[in-house]
Amino acid sequence: MINYQLDDQGIATLTWDMTGRSQNVLNGESCAALFAAIAKAAKDEAVKAILMTSAKADFVAGGDLEWLLAAKGADELFARTLDLHRALRQLETCGKPVAMALPGSALGGGLEVAMAGHYRVASDNPRARFGLPEVTLGLLPGGGGTQRLPRLIGIQNALPLLLEGKRLKADAALKLGLLHAVVPAGTEVAAARAWLLAQTALVQQPWDSKGFRIPGGAVSSPGVQQLFMAANALLRAKTYGNYPAPQHILSCVYEGLITDIDTGLKTEARYFVNTVLSPQAKAMIRTLFFSMNAANKLAARPAEVPTQSYSKVGILGAGMMGAGIAYVSAKAGISAVLLDTTPEAAERGKSHAQALVEKQLNRGQMKPEQAQALLARIAPTTDYAELAGADLVIEAVFEDRAIKAGVTRQAEAVLAADAIFASNTSTLPITGLAQASARPANFIGLHFFSPVEKMPLVEVIVGKLTSPATLARALDFVKALGMTPIVVNDARGFYTSRVFSTYVLEGMALLSQGVAPALIENAGLQAGMPVGPLALTDEVSAELVVKIDRQTQADLGDAWRERPGQSVARKLVELGRIGKKAGRGFYDYPEGGKKSLWPGLAEQFPLAATQPPLAELVQRLLFVQSLEAARCMEEGVLTTARDADVGSVLGWGFPAYLGGTIGQIQGLGVQTFVAQCEPLAARHGARFAPPQLLLDMASRGEAFYPR
Ligand code: NAD
């Protein structure tokens, strides 16, 4: 775990090197080894100075989440936390200078260990990151991070790092005073040794020195008081109190920094245990860490198919989506032939990549030669012959079956027999589109989201005739792009569009029932959705909502049913208020001004005499999505709860604190969820009736995930 070596100059070097792991992490075994090594070095009189480093590319990647969650309750967790605090306090107060030589990243628990050294020197490794990202998984730094960081760099500098979990590069960490030096790669241990040997006087942490003052002002100083007031208000405005972790982090800093460090550490330990045991942390860790890792490792990939690497892809349609897909492909080092009906349209698609690259050049996030190489990989054209040799072609032409069929045939005429053809359709069932293909086994759906370069999710849609090999190879492409796939079976609206639409429709249904528009929008935000349902309808446009419903009606015939909310969308279209792109929808969008709810809504949708409580609206807006996700599970559109949850959080911003659409049901327990749906169904209709899958699970006491 940790190699211990004492040299003849009295320097004890503790080198992290966990066997059988690519990364060092804090877990039961490594903590035991760490505590023993610290105690030994502190007590041995032959040891004059202590150097800690790592034999791996990074220092320590953080705490092992499996170990964290395996703790048997609050007492064990609290005891473990105090043990770590005690060991790190022993290290920093033993009277011997302690230097940390960091070859790469020190994140989370890794940075907390590093902060217990008196001196931190890092390699100028461009891949190294320093930060406390715990909050992004619903946690707080429990290894002293909330106490040492603000004492080291000041409360004002520490709060953004703690509350946003930002990861800094070495030069930024140096500027903030989190690091003392950055040296050429491979010389960090020598630099740490040189510092240790130069120490002659007693070395102490600033917070253990007499007369210590927190840089930038103590908690009681007027500036910092104001800072806390603003931070509290901002946090509330951003999270609506749905996330305990950042709230607890603020409390740790406030309460911990009006005391001495040892009391502060105890305060942190209490909040830490409370946070780890919160349902929000459990849900976030499950979805954002374990499920997302499984998705990124292509858990659903048929294993027997050899991995496909990609060097050339074709993209049909250089509009908003096609241009985005070409950019992310080129960025991943894959050549992209970008085809449209006219040279101008194809060039316009490439200019999207040009604009994105320029932005990064201006911000210093990309080197000119990288930018050039990226752009050189995008070849705009109108000539199908240029697709020859592509391993994969993705069509992103107009959402029209006939046009899609035409481009499928034209592309297949020049493609190799084993090439894959993918459609980026958002609404048309894949199995139907595959009828235009001469090789439907090689036909699949790759549903990207807009804007492609910012949205990390791809919904991979398996048609009736799609082969396992095609699925495997399509997943390899998503992985090559560095994006996260979920795999769904073919059905109307697939998974993401289908469930997402229930949210906007519920918002419109509420409006038709006389609920105040501002109340509806606030309920959406209070629920934790990124945007209120009416504003979201404006974004996608009421026109599109109506168009998709018409298509559904045409396809389903007698089986089509009017859904509550649709009539509101039709009304808006009739009024010419089709959405944001027209500058008028549920909101007015004055040029250069802020959007505001259209006052005319009051006349079109008169207010009911009594307004429902906010909590009920929040529940309706969230439950309607989880119910539809459960129906997708029941119908086999989704095969795992993992895909439902990852897809909902990444795809349309379903609140992470609930862990996703199915995560919400898991959190409440299936029985409780079902019991809460029943009165909603009685009052508001069948969309709130729990599907048989949930009724069966409730009666058998089952859960979607192991408890
Ligand atoms: P868009 O209108 O911006 O672009 C479509 C492009 O296809 C245009 O440049 C057009 O000239 C080109 N085109 C039309 N017919 C063609 C043909 N025969 N051959 C070659 N090119 C042709 O549309 P978009 O928003 O990029 O959407 C494209 C596809 O992606 C649609 O199927 C859409 O449903 C789907 N999609 C869109 C979004 C979104 O948010 N816009 C999200 C996911 C999926």
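When reading the values below, keep in mind they use all heavy atoms of this one structure, side chains included, and skip hydrogens, waters and symmetry mates. Computed from a predicted structure; not experimentally measured. Indexing begins at 1, ligand by ligand and atom by atom, following the structure's order. Throughout, numbering of the chain's residues begins at 1 and tracks the sequence.
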- Message: Looking at non-hydrogen atoms alone, which of Glu539, Gln410, Glu399 comes nearest to atom 33 (C) of ligand 1?
- Response: Glu399
- Message: Going by a strict under-4.0 Å cutoff (protein heavy atoms only), does atom 23 (O) of ligand 1 have a neighbour on the protein?
- Response: no
- Task: Return the option from Gly445, Ser426, Ala396 holding the heavy atom at the smallest distance from atom 28 (C) of ligand 1.
- Result: Ala396
- N/O separation below 3.5 Å, Gly322 to ligand 1: no
- Message: With a 4.0 Å cut-off on N to O distance, would you call Arg301 and Asp476 a salt bridge?
- Response: yes
- Task: Determine, for Lys359 against Glu453, whether the closest basic-nitrogen to carboxylate-oxygen distance falls under 4.0 angstrom.
- Result: no
- Query: When you measure from atom 41 (N) of ligand 1 to every protein heavy atom, which one gives the shortest distance, and what is it?
  - Reply: Met320 CE, 3.1 Å
- Message: Check this for me: does any side-chain nitrogen of one of Lys581 and Glu543 sit under 4.0 Å from a carboxylate oxygen of the other?
- Response: yes
- Hey, are Asp555 and Trp560 close enough side-chain-wise for a donor-acceptor pair under 3.5 Å? no
- What do you reckon, does Lys404 put a non-hydrogen atom under 4.0 Å from ligand 1? yes
- Sub-4.0 Å atoms of ligand 1 with respect to non-hydrogen atoms of Val407: 17 (C), 18 (N), 19 (N)
- Message: If the cut-off is 4.0 Å to any non-hydrogen atom of Ile403, which atoms of ligand 1 fall inside it?
- Response: 15 (N), 18 (N)
- Task: Taking only heavy atoms of Gly319 into account, list the atoms of ligand 1 that are under 4.0 Å away from them.
- Result: 3 (O), 4 (O), 6 (C), 9 (O), 26 (O)
- Message: Measuring from non-hydrogen atoms of Thr425 to any atom of ligand 1, is the shortest distance under 4.0 Å?
- Response: yes
- Query: Do the rings of Phe448 and Phe477 sit parallel, tilted or perpendicular, given the 30° and 60° boundaries?
  - Reply: perpendicular
- Task: Nearest 0.5 Å please: distance from the NZ atom of Lys331 over to the CG atom of Leu481.
- Result: 11.0 Å
- Sole residue of Gln664, Arg631, Gln666 in side-chain hydrogen bond (donor to acceptor under 3.5 Å, both in side chains) with Ser626: Gln664
- Query: Does even one non-hydrogen atom of Phe398 get within less than 4.0 Å of ligand 1?
  - Reply: yes
- Looking only at non-hydrogen atoms, the one of Ser423, Ala318, Ser450, Pro451 nearest atom 40 (O) of ligand 1 is Ser450
- Given the options Lys595, Arg577, Lys580, Asp588 meets salt bridge (Lys or Arg N to Asp or Glu O under 4.0 Å) only with Arg577
- Note on the structure: Rounding to 0.5 Å, atoms OG1 (Thr661) and OH (Tyr495) come to a distance of 3.0 Å
- Closest to atom 29 (C) of ligand 1 among protein heavy atoms sits Val397 O, 3.3 Å
- Where is the nearest protein heavy atom to atom 17 (C) of ligand 1: which residue, which atom, and how far? Thr341 CG2, 3.5 Å
- Which ligand 1 atoms are under 4.0 Å away from a heavy-atom of Phe448? 42 (C), 43 (C)
- With atom 10 (C) of ligand 1 as the reference point, say which of Thr382, Ile325, Asp340 has the nearest heavy atom. Asp340
- Query: Got the closest protein heavy atom to atom 44 (C) of ligand 1, with its distance?
  - Reply: Asn424 O, 3.1 Å
- Query: In Å and rounded to the nearest 0.5 Å, what is the OG to OH distance from Ser291 to Tyr705?
  - Reply: 4.5 Å
- Message: Classify the ring geometry of Tyr589 against Tyr587: parallel below 30°, tilted from 30° to 60°, perpendicular beyond 60°.
- Response: tilted
- Write out the residue and atom name of the closest protein heavy atom to atom 27 (O) of ligand 1, then the distance separating them to 0.1 Å. Met321 CG, 3.8 Å
